[in-house]
Amino acid sequence: MPEIIECESGSYPVVDANGKPIEVGNPVKYGGTGTKGHVTEIICDSEGAWAVIDTKNLLYKLETLTVLEELEAKVEMGEREFSTEEIQEVLEKAEEEAKDVKFEDSNLESGG
């Protein structure tokens, strides 16, 4: 039997879109945008029951979430050192691209 949370607007089961119980600490996914994170808090108000997800710190209706087995770790980019030649190459490419840009004022009008 899932936990029930009592709110101003009624009683709500603390379950995800599939009926699986949601608890603080669970990894979840929001179906609307694919946002993933861990539940940090479960709250309720006059509109229903909500979960706070740590990655966005936003409220999500419980029935829009899906509990995940685990959350994949993000790959850390880390620092990278560039050689003088690599930097020079990027600068030269940017300079070449800038030569092709045309600045026109034919569509400008003065007020009056």
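Please read these numbers as outputs of a predicted model, since none were measured by experiment. Residue indices begin at 1 and follow the sequence shown.
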Show the numbers, then the answer: is there a salt bridge (charged side-chain N to carboxylate O under 4.0 Å, His left out) between Arg80 and Glu86?
-> CA-CA 12 Å; Arg80 178 172 175 222; Glu86 289 174 311; 3.0 Å; yes
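- The shortest distance between side-chain heavy atoms of Ile5 and Ile42 falls below 4.5 Å.
- By the side chain to side chain donor-acceptor pair (under 3.5 Å) test, Thr35 is found to be paired with Thr33, residues two or more places apart in sequence or in another chain being considered.
- Alongside Trp50, the hydrophobic cluster contains Ile43, Val52, Leu59 (criterion: ILVMFWY side chains under 4.5 Å).
- Here the straight-line distance linking atom CG of Asp54 with atom CD of Glu41 works out to 12.5 Å at 0.5 Å rounding.
- Residues passing the side chain to side chain donor-acceptor pair (under 3.5 Å) test with Tyr30: none are found, sequence neighbours excluded.
- Between the Ser11 side chain and the Glu6 main chain, no donor and acceptor come within less than 3.5 Å of each other.
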Going by atom type alone, with no hydrogens or angles, which donor-acceptor pairs under 3.5 Å involve a side-chain atom of residues 14-25 and a protein atom two or more places apart or on another chain?
unit_1: Asp16; atom_1: OD1; unit_2: Asn18; atom_2: N; d: 2.9
unit_1: Asp16; atom_1: OD1; unit_2: Gly19; atom_2: N; d: 3.0
unit_1: Asp16; atom_1: OD1; unit_2: Lys20; atom_2: N; d: 2.7
unit_1: Asp16; atom_1: OD2; unit_2: Val67; atom_2: N; d: 2.9
unit_1: Lys20; atom_1: NZ; unit_2: Glu69; atom_2: OE2; d: 3.3

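- The SG atom of Cys7 sits 11.0 Å away from the CD atom of Glu47 when rounded to the nearest 0.5 Å.
- To the nearest 0.5 Å, atom NE2 of residue His38 and atom CD of residue Glu70 are 9.5 Å apart.
- The CD1 atom of Ile53 lies 5.0 Å from the OH atom of Tyr60; values are rounded to the nearest 0.5 Å.
- The two residues Ile4 and Pro13 make their nearest non-hydrogen contact at CD1-CA, 3.8 Å.
- In this structure, Lys93 does not pair ionically with Glu96, as no charged nitrogen and carboxylate oxygen lie closer than 4.0 Å.
- Hydrophobic side-chain contacts under 4.5 Å tie Leu91 into a cluster, directly or through other members, with Phe82, Ile87.
- Note that the OG1 atom of Thr64 and the NZ atom of Lys29 stand 12.5 Å from one another [nearest 0.5 Å].
- Scanning for side chain to side chain donor-acceptor pair (under 3.5 Å) contacts around Glu95 gives an empty result, with sequence neighbours left out.
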